[in-house]
Amino acid sequence: MSNDTTKKITTDSGIEVNRIYKSDGGDDAGKFPFTRGVQPDMYRGKLWTMRQYAGFSTAEESNERYHFLLNQGTTGLSVAFDLPTQIGYDSTHDLSDGEVGKAGVAIDSLADMEILFKGIELEKITTSMTINASASVLLCMYIALAKKQGANLANISGTIQNDILKEYAARGTYIYPPKPSMRIITDIFEYCSKELPKWNTISISGYHIREAGANAVQELAFTLADGKAYLQAAIDKGLDINVFAKRLSFFFNAHNNLFEEVAKFRAARKMWAKITSDLGATDPRAMMLRFHTQTGGSTLTAQQPQNNIVRVTIQALAAVMGGTQSLHTNGFDEALALPTEEAARIALRTQQIVAYESGATMTVDPLGGSHYVEALTNEVESKAWEYIHKIDEMGGAVAAIEAGYIQKEIAASAYQYQRDIESGDKVIVGVNKFTIEEPPFENLFTVDDTIRQIQIDKINHVKAKRDNELVKETLQALEKAAIDGSNVMPKILDAVEAYATLGEVCDVMRGVFGEYTGG
């Protein structure tokens, strides 16, 4: 689509398409409560950012995939980190054995980050990083790299997930207990509001809540409840909601029920506008819910995997017609392995076809005014508020998680969904209906176990070259900041610039804050 919003837009038959259709004088787009979208022109002015979540093996191999995706037309990068990186362990750690480079890329130090973005100017690209417990360290590595590139930090834009509450509730890649984790998150809010004003400091994630088995209403309710907790924590720290709330973003899932998903996205904007307003926000930009969407990984099937291309297309349409700001589409083979280049290309082409061929971008909120969608929006909103009010009565999201309430609700939903599949009440094409005999799928992408030794060698090389006395001093300064309550971000940045490793930095904070064991 053209950025020229005055350009006349027509269907293939020459019928002119209006910017937005309204039959009852209802809500407009770009105005409180933003039900119909956060921008007046939505995709007629600017398309969503097309990202492909990618990262595997070493920084060198992931860098090659990023250049491939950029050459194919992706408009933003999205980094997947391996499990040791996510939980703050170096590749040398005993618990890293068998996991290095498997679920994402291994990043042990600034040296790896330099390789990961080789040939990519950070000032000219937006980067999303799916990292939570160790988000402060990875963000500091990114900042350090931007400084080495000579970038103006005021122009650096992107997002860190940084959503620890959903880790306790649904995913499990936490390090520290809830209270110090929330402290680190608000330190990031405070630091970035001054140093990285264009950076989205948190992506409050319903995606993993949905992947764990929640339904659409639960995904919405639990995600917004987490959002309320982050708002309150920042307010309690003395931060201005009209400043920090502008840099909060959300991360939702998109499943196959097209209309319910659209209703969920519409309700989310309306509800967040009320939540932020009730907590004192007056700036419209602080009340806007901006979100990234990923198509549903749990909806992909290992049986007849090509069917997943159709599923992903439906889900991508739901995200676009629901008004997403950013989108990742899954590869059709991801129920079996990491996506091949072919699968990643098809997934990206799916977004491009929706953008340029489907007509879904011609008008704002194209399903707005549909009796069904409007009724669904109201019903999803009403049921989500019921959950939020119950969580508020329990003392908020942190208390509800500590009591196990949210986890139990997700588990019950997942159990019922599986029972419906097994009984045949829920049809999954190719799994419990329309099945065929098929040979094993071939040409899957694999990461071998030699990656760990490569990373170990890199760490040893970094430690041999760096100023180890300087590293010791920076880690001691970080420990002091963690103890006395001052902002840890400047001290983490000093440490990673001295080439302290991820594990060394996280171990300092483990020593101060302890580790959360789920009890």
Is it the case that the side chain of Gln325 and the backbone of Phe291 share a donor-acceptor pair, with hydrogens and angles ignored and the cut-off at 3.5 Å? yes

Does a side chain donor of either Asp494 or Thr474 reach within less than 3.5 Å of an acceptor in the other side chain? no

Any side-chain heavy-atom pair from Thr223 and Trp272 closer than 4.5 angstrom? no

What is the minimum heavy-atom distance between Ala59 and Leu116, and which atoms define it? CB-N, 3.8 Å

Counting distance only, does the side-chain N/O of Glu409 pair as donor-acceptor with the main-chain N or O of Gln218 below 3.5 Å? no

Could you please spell out the steps behind the side-chain contact (heavy atoms from CB on, under 4.5 Å) verdict for Met141 and Met129? CA-CA 12 Å; Met141 289 182 184; Met129 295 189 280; over 6 Å; no

If the condition is salt bridge (Lys or Arg N to Asp or Glu O under 4.0 Å), which residues does Lys408 pass it with, not counting sequence neighbours? none

Mind listing the closest non-hydrogen atom pair of Ile204 and Gly227 along with its distance? CD1-CA, 3.7 Å

With distance as the sole test, does Ser413 use its side chain to make a donor-acceptor pair with the main-chain N or O of Ile410 at under 3.5 Å? no

Polar contact flag, side-chain donor to acceptor under 3.5 angstrom, Ser205-Asp163: no

Residue pairs fulfilling salt bridge (Lys or Arg N to Asp or Glu O under 4.0 Å) with at least one residue in residues 288-301, sequence neighbours excluded: none

Tyr387 vs Phe222 aromatic rings, parallel, tilted or perpendicular, using cut-offs 30° and 60°? perpendicular

To the nearest 0.5 angstrom, please state how far the CG atom of Asn155 sits from the CD atom of Glu123. 4.5 Å

Does the Gln351 side chain pair with the main chain of Leu327, one donor and one acceptor, at a distance under 3.5 Å? yes

Shortest non-hydrogen contact from Gly101 toward Asp82: N-OD2, 2.8 Å

Does a donor on one side chain and an acceptor on the other come within less than 3.5 Å for Asn308 and Glu334? no

Side-chain heavy atoms of Lys228 within contact of Ile391, under 4.5 Å: no

Just jot down the ring pair (Phe, Tyr, Trp, His ring centres under 6.0 Å) partners of Tyr230, sequence neighbours excluded, or say none. none

Are Val312 and Thr299 close enough, and set up right, to give a side-chain contact (heavy atoms from CB on, under 4.5 Å), and what steps lead you there? CA-CA 9 Å; Val312 168; Thr299 69; over 6 Å; no

Smallest separation among heavy atoms of Ile87 and Arg510, with atom names: O-NH2, 2.6 Å

Got a second to check how far Thr295's OG1 is from Asn253's CG, nearest 0.5 Å? 8.0 Å

The criterion is salt bridge (Lys or Arg N to Asp or Glu O under 4.0 Å); which residues satisfy it with Asp236, sequence neighbours excluded? none

Do Ile120 and Asn63 touch side chain to side chain, with heavy atoms closer than 4.5 Å? yes

Thr201 vs Leu139 side-chain heavy atoms within contact, under 4.5 Å: no

Residues Ser326 and Arg51: side-chain donor-acceptor under 3.5 angstrom: yes

Write out all pairs satisfying salt bridge (Lys or Arg N to Asp or Glu O under 4.0 Å) with one or both partners inside residues 323-333, taking only residues at least two apart or from two chains. none

Exactly one candidate in Met489, Met113, Lys491 meets side-chain contact (heavy atoms from CB on, under 4.5 Å) with Cys140; the answer is Met489

Go through Thr329 and Gln52 one step at a time and tell me if the side chain to side chain donor-acceptor pair (under 3.5 Å) criterion holds. CA-CA 7 Å; Thr329 35; Gln52 288 305 116; 3.0 Å; yes

Donor-acceptor pair, distance only, cut-off 3.5 Å: does the side chain of Thr159 make one with the backbone of Ile202? no

Can you list every pair that meets ring-ring contact (aromatic ring centres under 6.0 Å, His included) and has a residue in residues 102-130, with sequence neighbours left out? Phe117-Tyr142

Would you check if the side chain of Glu99 reaches a backbone N or O of Ser96 as a donor-acceptor pair within less than 3.5 Å? no

Can you pull out every side-chain hydrogen bond (donor to acceptor under 3.5 Å, both in side chains) where at least one residue sits in residues 174-186? Sequence neighbours excluded, please. Tyr168-Ser181, Arg183-Asp187

Looking only at heavy atoms, what is the nearest atom pair of Leu69 and Ala344, with distance? CD2-CB, 4.3 Å

Just by distance, with hydrogens left out, do Arg349 and Gln352 show a side-chain donor and acceptor under 3.5 Å apart? yes

Counting N and O atoms only, with roles assigned by atom type, does the side chain of Thr127 sit under 3.5 Å from a partner on the main chain of Gly158, one being a donor and the other an acceptor? no

Could you tell me whether Gln476 atom CD has more than 12 heavy atoms of other residues or ligands within 6.0 Å of it? yes

Tell me whether the count of non-hydrogen atoms from other residues, nucleotides or ligands lying under 6.0 Å of CD in Glu342 goes above 12. no

Pair listing, ring-ring contact (aromatic ring centres under 6.0 Å, His included) test, anchored in residues 86-106, at least two apart: Tyr89-His93

Interatomic distance, CD@Glu497 vs CZ@Arg466, rounded to 0.5 Å, equals 14.5 Å

Would you mind listing every salt bridge (Lys or Arg N to Asp or Glu O under 4.0 Å) that reaches into residues 59-79, with sequence neighbours excluded? Glu60-Lys458

Ignoring hydrogens and geometry, is there a side-chain-to-backbone donor-acceptor pair from Arg269 to Phe34 under 3.5 Å? yes

Is a donor on one side and an acceptor on the other found under 3.5 Å between the side chain of Asn242 and the backbone of Asp283? yes

I'd like to check Arg247 versus Asn200 (side-chain heavy atoms, cut-off strictly below 4.5 Å). Are they in contact? yes

With the side chain counted from C-beta on, respond yes when Phe252 and Leu289 share a heavy-atom pair under 4.5 Å apart, and no when they do not. yes

Of all residues at least two apart in sequence or in a different chain, which pass the salt bridge (Lys or Arg N to Asp or Glu O under 4.0 Å) check with Lys148? Glu114

Tell me, do Glu167 and Gln86 make a side-chain contact under 4.5 Å, heavy atoms counted? no

Test His292 against every option in Phe265, Phe251, Trp48, Phe250 by the ring-ring contact (aromatic ring centres under 6.0 Å, His included) rule and name the one that passes. Phe251

Which heavy-atom pair separates Ile451 from Ser57 by the least distance, and what is that distance? CD1-OG, 3.0 Å

Less than 4.5 Å apart, side chain to side chain, heavy atoms only: is that true for Leu444 and Thr340? no

Does the side chain of Gln294 pick up a donor-acceptor pair with the side chain of Asn330 at under 3.5 Å? yes

Exercise: do Lys46 and Gln39 side chains pair donor with acceptor under 3.5 Å: no

Contacts satisfying ring-ring contact (aromatic ring centres under 6.0 Å, His included) that involve residues 54-84 (not counting sequence neighbours) are Phe56-Phe445

With sequence neighbours left out, which residue pairs that include part of residues 198-214 fulfil the salt bridge (Lys or Arg N to Asp or Glu O under 4.0 Å) condition? Arg210-Glu219, Arg210-Glu261

Checking the side chain of Thr74 only, and the main-chain atoms of Met50 only, is there a donor and an acceptor separated by less than 3.5 Å? yes

